[in-house]
Number of protein chains: 4
Amino acid sequence: MNDDALKYAERLVPRSYIDLARQARRSYEQQIRQIIEHRKLPEQPLEEHIIEQWINEMAQMDSNNFEGNVGVGEREGRIYSSLVARRHSLLSHGIGRSGDINAVQPKAAGSSLLNKLTNELVLDAIHALGLRTITHAVVIPMATGMTMTLCLLTFKKQRPQSRYVLWSRIDQKSCFKSILTANLEPIVIEQIENNNYLQTDVDEFEKQIQKFNPHEICCIISTTSCFAPRAIDNVQQISNLCQTYSIPHLINNAYGLQSTKIIHEIEQAKRSNGRIDYIVQSTDKNFLVPVGGSIVLTYDAKLFDALSHAYPGRASITPTTDMFITLLSMGKKGLLDLVQKRKNLFNLFYEKLIQWAKDNDEYILSSKQFSPISIAISLKHLPNERVTELGSMLFTRRISGARVIKLGTKQTIDTYEFMNYGAHSSNIQCSYLTVAASIGMEESDTDIFMKKFDSIYQKLQRNENSDD
Amino acid sequence: MNDDALKYAERLVPRSYIDLARQARRSYEQQIRQIIEHRKLPEQPLEEHIIEQWINEMAQMDSNNFEGNVGVGEREGRIYSSLVARRHSLLSHGIGRSGDINAVQPKAAGSSLLNKLTNELVLDAIHALGLRTITHAVVIPMATGMTMTLCLLTFKKQRPQSRYVLWSRIDQKSCFKSILTANLEPIVIEQIENNNYLQTDVDEFEKQIQKFNPHEICCIISTTSCFAPRAIDNVQQISNLCQTYSIPHLINNAYGLQSTKIIHEIEQAKRSNGRIDYIVQSTDKNFLVPVGGSIVLTYDAKLFDALSHAYPGRASITPTTDMFITLLSMGKKGLLDLVQKRKNLFNLFYEKLIQWAKDNDEYILSSKQFSPISIAISLKHLPNERVTELGSMLFTRRISGARVIKLGTKQTIDTYEFMNYGAHSSNIQCSYLTVAASIGMEESDTDIFMKKFDSIYQKLQRNENSDD
Amino acid sequence: MNDDALKYAERLVPRSYIDLARQARRSYEQQIRQIIEHRKLPEQPLEEHIIEQWINEMAQMDSNNFEGNVGVGEREGRIYSSLVARRHSLLSHGIGRSGDINAVQPKAAGSSLLNKLTNELVLDAIHALGLRTITHAVVIPMATGMTMTLCLLTFKKQRPQSRYVLWSRIDQKSCFKSILTANLEPIVIEQIENNNYLQTDVDEFEKQIQKFNPHEICCIISTTSCFAPRAIDNVQQISNLCQTYSIPHLINNAYGLQSTKIIHEIEQAKRSNGRIDYIVQSTDKNFLVPVGGSIVLTYDAKLFDALSHAYPGRASITPTTDMFITLLSMGKKGLLDLVQKRKNLFNLFYEKLIQWAKDNDEYILSSKQFSPISIAISLKHLPNERVTELGSMLFTRRISGARVIKLGTKQTIDTYEFMNYGAHSSNIQCSYLTVAASIGMEESDTDIFMKKFDSIYQKLQRNENSDD
Amino acid sequence: MNDDALKYAERLVPRSYIDLARQARRSYEQQIRQIIEHRKLPEQPLEEHIIEQWINEMAQMDSNNFEGNVGVGEREGRIYSSLVARRHSLLSHGIGRSGDINAVQPKAAGSSLLNKLTNELVLDAIHALGLRTITHAVVIPMATGMTMTLCLLTFKKQRPQSRYVLWSRIDQKSCFKSILTANLEPIVIEQIENNNYLQTDVDEFEKQIQKFNPHEICCIISTTSCFAPRAIDNVQQISNLCQTYSIPHLINNAYGLQSTKIIHEIEQAKRSNGRIDYIVQSTDKNFLVPVGGSIVLTYDAKLFDALSHAYPGRASITPTTDMFITLLSMGKKGLLDLVQKRKNLFNLFYEKLIQWAKDNDEYILSSKQFSPISIAISLKHLPNERVTELGSMLFTRRISGARVIKLGTKQTIDTYEFMNYGAHSSNIQCSYLTVAASIGMEESDTDIFMKKFDSIYQKLQRNENSDD
């Protein structure tokens, strides 16, 4: 209803009542106007119905939703199923154009606006989280692994002579496979042990750089968020090496945005003039949306353009829409509260596990400081042949996400062989379990976990039958 | 997004694309403006997403959806469940105020607008259907039976000395019970048989009027839509009697809006200066919405006000919203097409049944002219003790709505006894089956019915076991 | 997916994963089974998606949603608009049959089940709230006013000689109009003042009973929940009178279920052998659903049947579905928590207002004990001609529900005249404001109210211009 | 509700009614069971509410929706916004595992089932469309361009020595860019003109193969669906070359599934023992879903595995869910009807344009046989400087998808230069317009197009001002 319509509505409902409604409407409209004008996350959450209506309005700006539109092309945004149409709020054209994932579409002004604006709001959220000097953020509708491949392909195009990727070992397949998919050759830099946790072998990095011609190195990949006992990579020193040797630096920050410690490390690396090209993170792990998107951050317009241009063709707008809804539903305050709550929960969980370890003569294998999300706890008193049962017993009791690492697991990926796969290191001392305090977790979750874990542990230790 | 917001959007998406979207938006806005301005159904359907968005906009005009609204009353439109909130598009305040079901609510400008506007659109639809001189239409959120009770109570208030309701027998309980619920006394006027169908006994009506003092008669109820072999009541002659003797006339037009014949009869009665006070019809049976509402029509502002004022307190807005959505989804054209399609289907169904009757030595008991929706077919060759099986066998084969009337059924309602209940007449000759060609039916439905009906009939006639 | 389907699913997904899903599914199914078996509210909330799926399953039990169903009747549950169909979860047949609002429909097993079960869950909720001896509860899809009319019509049918309703004055139009709509004659019993609040004039009740023949009195209406300074009616003594003189007793308990005090009073009345026939309450005001339904409670199967049978025809299932969703979304615990929270909030709000009154030389006009929801505060220092401005200024500042009562307001309803209408009494001493601490309110609401109210009060007291 | 629950429901609703509902329920369940058992598209559409409920059931098989699930991992499928959760039907885990896009997830049995089953249904749909010997189909949640890059990377991994891609020129950027993104070198094979349309220069292909060592050629890309006047590539001869020289063959079949002619060509190529490795097509262009997915087809399990393994990490399930819903909403019959309808519409559109061309002394530039979707029409009588106006005038009149190709347009992509870009050929003779008869189009669309196009053409030809 536009102003004229409301004018005529006054013939049906007294003007004074309509006036009040006008004011209420105006306050919503101003919030929306301000968000478009300043491209900043609002401090407070927007109500769901306002967000939904706004998306609907943008959808109506796309030509497939124009009244009387006639499509004589090969891609007209037609949707067969009304159920599918509703799931997508009638947004059908996706994002990007053939040349550029960030380009606007003439046929789809609404989708284009939604996409552009969301990237700006993501940037503002990133600033709020503490990466204050990032200049470009973009939601890519592919999960982190494939997005890292895209980053690697972009580097490779600019460094056609390069072949190798120096990679600080992290036992998560999709990171490693992103190198192989890009048809590059990983050089594995093993972690070194430091007082119960694993840390980046910076010297070995430098040795390898010197061994190869730096021009043959396509880039270095460091990883921040990871399972304990592996620590955050030493991002500062790696980025200094990258700066010194002019090698691109890709940070695999999969779920690192939820940790103030990790963000601090990246921010420090940048401030100390280290080189960071792209930082890739998951939308689902950091912002509690369904799997399907990632965010790439850069400090440099050219790098941003290079990546945008690298993407061939169109792409789904769904991960973008999910981020748009979620960020506005949180507001800046909601987002920061979530991060703070997670930090508190990590400390609490850590204390509970330390206490449990003391009580059971086990120990924590990870650094509280350098592993700010995941915690590893030894299982030295469990018979090694029954260690894997622990994981499955937890799972059937509806504890998901606990990972058991058993001494001596081997894994081959492509032609690469890893010893003690899962432990990020060939030389671990005993089997262990990892758990994480990740964003969105509740305190009651830790209570239930502790109770069920302890009960299964005691049972297995007594070598009892695992049946309930 | 208001104009300012779109202005700022031009910084993110080129102005020319936004301009196109503006135009598209404007054409929707103008449609809505025109509907509010002229209060006429649009010729063509509105798209569902436009209707939904419009309702959302109206919901935002209600105080429970104002940003920062603080409620310190006892009824603030709060909704506990978000699922419930969504089902109602956040409309929570209902319609009416304590004094009047048609009054606007200061707290709920949006609901009030939706209500007022819907009643106007219903009026326009009624005009389009052929009742061109109706001046007031109102959706009442109660089904026809209870709404008829409300009409009767309204008459009674104005005629405190009256006690009786003259009622042309129609064997549908809710119509009869609406009289009893109003604590009035029905005088049953039996139908008379006329060449295989039943028609109004107008003479008996006049006799009864003369027997009682007209002031003691609260009103006369005539019924249009009904199961064959009963015909449409002779609305013209009844309304002439009402005029002559100054007795209110209530037409039970439950599903009569879908029949051009019925509408024509009412229109003629009015044109020949007959008296018609209220015409009551179902929303679900005529407009394909869920059960829950009815429409009252009048030719007179005072009668309309009397009814509005009679309703004590608030009421649900749901039936109104359903009508709003449905009428706009149909457009005037869609509504008239549905009615025309039903008429054609009735003729087709009638022909099929006549042919079947010939083939099986049965006959049609109803007048094609005076029973324009329902058709009755004799079952004289079925063993009378197996007649009821026919109904249940049809039902378990997913034919719903076919009714079998068995000779000799008695029914007592309150203290009133009816012979051959269901047949509208104490003297029917044989058992029979009724079917209807009602709005929304498809031709394929008649095919499937004919096939299944014939197969069961043959089976029962052969006195076979009814099991499949 | 039935068990067979899951069996075949094991060819696509490993059995062990399917097994886990089976277990999870089973725990939901058992919850649902238990609810149907025991007809008790679950202690804990059910998740929204489980409730929604359950409703969908019930909808599929209605014939309009059967695959291949062919309808040849006049009411086949067809829905034209898919938007309307979704709003109603495809439930189209409503509740009740011609004879009885509580009867099951052969065509609609799912709707019938939903209706029956909801009434049982409502009964359990009522027991949990403290009315432990109630034996029947029914959701009526009409708001309280019209439902009270229905109760009155039911009484009248059983007492055809009766004409009068003794009514303890409550200045809420729909209660009074419910008597007029039933074509009965109200006898107004004025409140008496007792130390700043208004209480039932029990002696006058007895005097009036004796004045008329008790057989001429159709029933007595007492009201519990109301705006201060009127107190809860003395339900105990009234119900004793009703018992003594064999007069039906209808309690207008509109929003009384949210108050433990009110519930206690009713429970005490019943325990002391008082007579209570029907207790009517709003669904929206007590359970935070949209306007449109009410709940009738009785202690007697015959009374329950009488009411069920009185309702002519079908009715909307929407208020029932809303209650079903809401009660399961709350769980018993959630419901009781809400009630407790409201009680605490009332005390808090009361304290704030007392303090404010002290600071401003005003006073509280209501009894904390006998007016457990609404609070009245004097406005003696405001110029009387500006008192009404207070209300509208609050409203334009998004405070809804505060009511200003100005000395000397007259109101005529039908032929009845009321002095100081709104104040429930002809002899109030000064203008005042009422606010309520009703269910669903938040503490922050009281803060915002106090701030805005104080600011406007000071402004008006200084006789300043009301413009912002 | 399981069987036990229904048993208890019989205490609330008569058993015979419940029985009918049971049967109806069973017929839905059997449909679903059959789909899972046989993994074939049903002949007839499934109703939307059945599909929706089925998806909800599968979602409940994922651990994030288990009652009482406790997540202690880093990715637990939590969803912050309930609006986002609803859009995704609570499906949060996506598809694939780190190693394989087609792998099942222990945490997400439901998502895994949905994914596996959809791919099987897509395969069945592909068979029904005529590609009867395809053995594997997979929905990839990336649009065609990026998916082609993934195919190219997969080839490259297997042919590490290769560098070149032989590419039959098609002026659609994302196809060309997919080669560049994979860091391969395109060898452009220009089209040759044949009597007004453009066809594959097969000889030049062979010449280029011989010029390079076949081992240096990573693959050949042929394109089927394209804008006229370019014809379908000569898939048969290209696949024979690929067979002869052992070069992988990737078919860019973006919107070719909607054309029986194109499908026939591919099928013939395969039957004549040509080599085809992957066929890539868009989900949105062929199946009327929103942009975001593609389908890869192969005839070989190893190739399928290679691609599955190439994808690093997880991915969105949204395009898969959209396909699941859409295919079931269509049924096999609905899909084939759509394809047939499109074919008829193409013929009709072609006739209209031929007639128009005759009337205006213009001509059709494309082969009706070899360009079965797109049609090109000359604009020789328009002033060349005003040709582009035609496109924008059509667009502002809500004709989308018509493309104007102006003589002499140059385009540089990366370092590659194209003359007459858009025309697929450096030597076109005059400017022209292309339109398409694509799936989902209506006959009325062609009428509106013809009218608006003619009116603008006449205006521009008279060299009038383009303003309305």
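Chain naming here is simple, since letters A, B, ... match the order of the sequence lines and numbering starts at 1 in each. Only heavy atoms go into these numbers, but all of them, side chains included; no hydrogens, no water, no symmetry mates.
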**Study point:** Inter-residue atom distance D:R86.CZ - B:S82.OG, 0.5 Å rounding
**Key:** 6.5 Å

Check your understanding: Quick one: which residues of residues 47-55 of chain B reach chain D at under 4.5 angstrom, heavy atoms only?
Key -> none

Point to revise | Residues which pass salt bridge (Lys or Arg N to Asp or Glu O under 4.0 Å) with B:E43, listed by chain and number, not counting sequence neighbours | key: none

Review point. Can you name the ring pair (Phe, Tyr, Trp, His ring centres under 6.0 Å) partners of D:Y421, sequence neighbours left out?
Key: D:F418

**Study point:** Interface residues of residues 1-25 of chain B facing chain D - non-hydrogen atoms under 4.5 Å apart
**Key:** B:L20, B:Q23, B:A24

